[in-house]
Amino acid sequence: MPAARLVWERGDGSRVEFPLTADVLVVGRDEEADIRVDEPLVSRNHARLERRGEAWVVLDLGSTNYTRVNGEVVSERALRHGDEVRFARARCTFLAAAGADPVAGGV
């Protein structure tokens with residue numbers, strides 16, 4: 001079964017997939033970030049993704065330009081398959097391990 005993943009939909013239309021293979025992953029612009037989202041408004045250490053049991057949670061790390069899930073500013077939120085997660089203007093989709101890819105036209 002494929003790992004859960006975060007799919008970054010870049011402004012040029014390309015996609016970057018990040019398999020969530022560790023229990024804690026930092027998302028940010030910094031070169032040392034586990035999930036590097038190289039966008040100008042993304043903080044160096046913008047957010048953290050944590051596996052809690054079977055669930056994944058996103059936590060904002062005090063970013064200047066916020067973390068949003070489905071349009072709502074969040075400090076911490078459990079993620080569901082297909083959720084849109086925005087780090088500043090960077091748009092990502094959370095895909096659970098067993099779910100199809102709604103970004104690519106699945107359900």
request  = Check whether any side-chain heavy atom of Arg10 lies under 4.5 Å from a side-chain heavy atom of Val16, and answer yes or no.
outcome  = yes
key: Partner of Leu49 under side chain to side chain contact (heavy atoms under 4.5 Å, CB included), chosen from Val57, Leu79, Leu59   = Leu79
Heavy-atom check, side chain of Arg48 versus side chain of Val24, under 4.5 Å = yes
inquiry  = Can a donor-acceptor pair be found, under 3.5 Å and without considering hydrogens, that links the side chain of Asn45 to the backbone of Gly28?
reply    = no
message = Nearest 0.5 angstrom please: Thr64 OG1 to Leu41 CG, how far?
response = 9.5 Å
query = Are the side chain of His81 and the backbone of Ala96 linked by a donor-acceptor contact shorter than 3.5 Å?
reply = yes
request  = Could you tell me whether the side chains of Ser14 and Asp12 share a donor-acceptor contact shorter than 3.5 Å?
outcome  = yes
task = Using atom types as modelled and distance alone, determine if a side-chain donor or acceptor of Arg29 lies under 3.5 Å from a backbone N or O of Glu39.
result = no
inquiry  = What verdict does the salt bridge (Lys or Arg N to Asp or Glu O under 4.0 Å) test give for Glu76 and Arg52, after you've listed the backbone C-alpha separation in whole Å, the side-chain angles of each residue and the deciding distance to 0.1 Å?
reply    = CA-CA 13 Å; Glu76 181 174 329; Arg52 296 183 183 168; 2.8 Å; yes
request  = Taking all non-hydrogen atoms of both residues into account, name the closest pair between Val42 and Ala90 and its distance.
outcome  = CG2-CB, 4.1 Å
ask   = Does any non-hydrogen side-chain atom of Leu6 lie less than 4.5 Å from one of Phe87?
value = yes
inquiry  = With a 4.5 Å cut-off on side-chain heavy atoms, are Glu72 and Arg77 touching?
reply    = yes
ask   = CG/Asp30 to CD1/Ile35 distance, rounded to the nearest 0.5 angstrom?
value = 13.5 Å
ask   = Backbone N or O of Glu84 within a donor-acceptor pair of the Asn70 side chain at under 3.5 Å?
value = yes
message = Checking the side chain of His46 only, and the main-chain atoms of Tyr66 only, is there a donor and an acceptor separated by less than 3.5 Å?
response = yes
ask   = How long is the gap from CG on Leu61 to OG on Ser43, to the nearest 0.5 Å?
value = 8.5 Å
ask   = Any side-chain heavy-atom pair from Arg51 and Trp56 closer than 4.5 angstrom?
value = yes
ask   = Is there a salt bridge (Lys or Arg N to Asp or Glu O under 4.0 Å) between Glu9 and Arg15 once you walk through the steps?
value = CA-CA 5 Å; Glu9 300 165 56; Arg15 294 172 40 161; over 6 Å; no
ask   = Do you reckon Val26 sits in the same ILVMFWY cluster as Trp8, going by side-chain contacts under 4.5 Å, direct or chained?
value = no
query = Would you say the side chain of Asp60 lies within less than 4.5 Å of the side chain of Val74, judging by non-hydrogen atoms?
reply = no
query = Which atom pair, heavy atoms only, marks the closest approach of Val58 to Ala47?
reply = CG2-CB, 4.2 Å
